[in-house]
Amino acid sequence: MKAHITDLLGHAATHIGVDATQLNIIIDRPKSAEHGDFSSNLAMLLAKPLRQNPRAIAEQLIQALPHSDYIAKVEIAGSGFINFFLSAQSQQTIIGDILKAGDMFGRNNLGKGENVQVEFVSANPTGPLHVGHGRGAAVGDCLARLLDANGWNVTREFYYNDAGAQIENLVISVQARCKGIATDDASFPENGYRGDYIVDISNAFLAKQTVTADDMQVTASGNVDDADAVRTFAVAYLRHEQDLDLKAFQIKFDVFSLESALYSTGKVESTVKALIASGKTYEEGDALWLKTTDFGDDKDRVMRKSDGGYTYFVPDVAYHYDKWNRGFKRVINEQGADHHSTITRVRAGLQALNAALNISIPQGWPDYVLHQMVTVMRGGEEVKLSKRAGSYVTLRDLIDEVGCDATRYFLAARRADSQLIFDIDLARAQTNDNPVYYIQYAHARICSVLNQWEGDVTTLKMVDLNPLNMPNEAKLMQRLSEYPEVVVSAGEDLAPHTIANYLKECASDLHSYYNDTKFLVDDVPTKLARLALIAATQQVLKNGLDLLGVNAPQKM
RNA sequence: GCCCUCGUAGCUCAGUGGAUAGAGCAUCCCCCUCCUAAGGGGAGGGUCACACGUUCGAUUCGUGUCGAGGGCGCCA
């Protein structure tokens, strides 16, 4: 429809002597219903070149506008807006479109089936997932769903560090607990992990249990002094814990990548060699440095420490080069904003590889979506601790307390780049304080009406829609027709929260309609038309909730 | 000190180069003999942090100031 109106305006512009091909005609959906279904600022844009009053130009454009069956009325408003009002018939076509497309409604093929990888969560296995990981999980998974809806072939990937200093801390913490050393004992490792879950791992290790994570299976040896055995078991144990957290959060990964594998397969070494070959490295003070300043960093970074080990970003570069080799021309990394500084380094490393390996990784590759911190509130006070984890609120705490749907919704419904206050009381509320239930309730209400009708819902796609002539019906139809555009823009902007906002608006229109209008009326044509409208609404709510990974209940 | 993000109603947050800046909560008033009141309708509440620029038009873009958070490691 936007294309159609653009076309009409283009013709009109040509008619009054303006070269329409030079124009970037923008068609908007006005916020207010009195401004029609679509509006254009074309007359304002032409005011300067034509040296005329925008309203006068709008007048001429409207005179020159070709006739269209889709348009019922065109008006000039404000300082020169041209507002288009759709005919009832053209507005009603959306209902049939939705009911015919069903679950596919709103999906498109913009991604052309190309591969995109979304890496998210990527928590190191040193403890249960916390709220911050939860935000990453919710946002990342919704991004993946959005890209899928926009026609991309999505791979969800989880990367973790199963070696290194943090893992060593985990190992010595487990060993200390195995030996019965309490966390407040002077001999407990200073930087050790003190959460109760360490005790669980210790007990399981001593009991020689077997743990099965999504990507590994390990049986404990029970030999506390064997650090390797403790490490592999503890990592598997915590990976399994994270799997359970993720499962409770309805998130599934396609690929798990281990940092250790980058070493064992020689990918780190070959990356380092290539970086050296690129000429962008130098030795200084027993360390090897990468000239990241050549790629926009504010200082050069150490690659290989004087003790011979690599700094974390070297395997990161190797990992991303591997992603590139695996055919991902598009990669989106969802991370906490505290990892912000790695972006420049990883991209710098990849740019340095370009010359040495004769490849062409684009400058801004990969994409990043960073989320800001989450503060959890309960009873007006900040919640900081969990008994299990010791020092932070776990994702599991939240899911257990407020449910998966509400947790997902609240963590994904805000712009990633603003700080988030998670109000547990609000998330638990079963009133319209709580947008999750508000949206789900709209869906459940429709289900309930359709059930009471007892007719065959699949026949509704064929009914005569002419009885739909009330303003609240027009408003709802317009809302439904926006949905595919919302999916596109949310995908382009990597902004899943806009889906949540849309659903709130859509639910609001439905509740308003529901309250004002009885659907199961005696007049059959009216009844069927209204049922078709709410059935279409039900479908859109369901499709939208699915993008958020939130259930659309039949009953509440 | 430098870099990144944010600053919108009492609170939590949307929004946007354009029309009177929105929603929910909170406050106040109304609506179930009726398909789920987990709902609806209405009232009040704003210097879009501040200043200066760009623009026909700025809450939106740019610069600066102030405030909040994060990052500036041979930690990850």
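Every chain is numbered from 1, with letters handed out A, B, ... down the list of sequences.
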**Prompt:** Just checking, A/Arg239 and A/Phe158: is the charged tip under 6.0 Å from the six-membered ring centre and within 45° of the axis?
**Reply:** yes
Expressed as a whole number of angstroms, how long is the span from [X]:[atom1] to [N]:[atom2]?
X: A/Met556; N: B/A37; atom1: CE; atom2: P; answer: 13 Å
X: A/Asp298; N: B/G1; atom1: CG; atom2: P; answer: 16 Å
X: A/Arg304; N: B/G73; atom1: CZ; atom2: P; answer: 21 Å
X: A/Tyr409; N: B/C13; atom1: OH; atom2: C1'; answer: 10 Å
X: A/His371; N: B/G69; atom1: NE2; atom2: C1'; answer: 13 Å
X: A/Asp162; N: B/A76; atom1: CG; atom2: P; answer: 13 Å
X: A/Asp509; N: B/G41; atom1: CG; atom2: C1'; answer: 15 Å
X: A/Arg445; N: B/C34; atom1: CZ; atom2: C1'; answer: 12 Å

In terms of ring plane angle, is the pair [X] and [Y] parallel, tilted or perpendicular, where the classes change at 30° and 60°?
X: A/Tyr392; Y: A/His130; result: perpendicular
X: A/Phe410; Y: A/Phe422; result: tilted
X: A/His320; Y: A/Trp365; result: perpendicular

Heavy atoms under 4.0 Å, any strand shown: does [X] hit a base, just sugar-phosphate, or nothing?
X: A/Ala442; value: nothing
X: A/Met373; value: sugar-phosphate
X: A/Phe313; value: nothing
X: A/Leu520; value: base
X: A/Gly336; value: nothing
X: A/Glu168; value: nothing
X: A/Asn41; value: base
X: A/Ala47; value: nothing
X: A/Leu370; value: nothing
X: A/Asp516; value: nothing
X: A/Met303; value: nothing
X: A/His511; value: sugar-phosphate
X: A/Thr517; value: base

Using OP1 and OP2 only, check whether a side-chain N or O of [X] sits under 4.0 Å from [N].
X: A/Lys504; N: B/C13; value: no
X: A/Lys299; N: B/G73; value: yes
X: A/Tyr438; N: B/G40; value: yes
X: A/Ser341; N: B/C4; value: no
X: A/Arg415; N: B/A14; value: no
X: A/His497; N: B/G15; value: yes
X: A/Ser418; N: B/U8; value: no

When you compare [N] with [M], how far apart are their [atom1] atoms, in angstrom units rounded to a whole number?
N: B/U27; M: B/G10; atom1: P; answer: 16 Å
N: B/G17; M: B/C75; atom1: C1'; answer: 44 Å
N: B/G22; M: B/C28; atom1: P; answer: 25 Å
N: B/A23; M: B/U63; atom1: C1'; answer: 33 Å
N: B/G24; M: B/G41; atom1: P; answer: 8 Å
N: B/G71; M: B/U12; atom1: P; answer: 22 Å
N: B/A37; M: B/C32; atom1: P; answer: 12 Å
N: B/C29; M: B/G44; atom1: C1'; answer: 11 Å

Give none if [N] has no partner; otherwise give the nucleotide forming a Watson-Crick or G-U wobble pair with it, both distances under 3.5 Å.
N: B/A19; value: none
N: B/U27; value: B/A43
N: B/U5; value: B/A68
N: B/U33; value: none
N: B/A51; value: B/U63

**Asked** Got a salt bridge between A/Glu401 and A/Arg378, using NZ or NE/NH1/NH2 to carboxylate O under 4.0 Å?
**Response** yes
**Asked** Can you find a side-chain donor-acceptor pair between A/Thr344 and A/Asp297 that sits under 3.5 Å?
**Response** no
**Asked** For A/Glu157 and A/Tyr319, does a side-chain donor sit closer than 3.5 Å to a side-chain acceptor?
**Response** yes
**Item:** Residue A/Ser512, side-chain atoms from C-beta onward, closest of B/C74, B/G40, B/C3
**Value:** B/G40
Taking N and O atoms by type only, does the side chain of [X] place a donor or acceptor under 3.5 Å from a partner on the base of [N]?
X: A/Tyr312; N: B/A76; result: yes
X: A/Asn83; N: B/A19; result: yes
X: A/Ser306; N: B/C74; result: yes
X: A/Ser39; N: B/A19; result: yes

**Message:** If the glycosidic angle sits within 90 degrees of zero it is syn, else anti. Tell me which applies to B/C25.
**Reply:** anti
**Asked** If you pin A/Tyr513 and A/Asp338 to their nearest nucleotides in RNA chain B, which one's is more 5'?
**Response** A/Tyr513
**Position toward the 5' end of RNA chain B (nearest nucleotide), A/Ala507 or A/Trp289** = A/Ala507
**Request:** Answer with yes or no after comparing the ring centroid distance for A/His340 and A/Tyr368 against a 6.0 Å cut-off, counting only values under it.
**Result:** no
**Prompt:** In this structure, are over 12 heavy atoms from other groups packed under 6.0 Å from A/Asp456 atom CG?
**Reply:** yes
**Request:** Determine, step by step, whether A/Asn161 and A/Tyr312 satisfy the side-chain hydrogen bond (donor to acceptor under 3.5 Å, both in side chains) criterion, reporting the C-alpha distance in whole Å, the side-chain angles of both residues, the deciding distance to 0.1 Å, and the verdict.
**Result:** CA-CA 9 Å; A/Asn161 183 335; A/Tyr312 73 93; over 6 Å; no
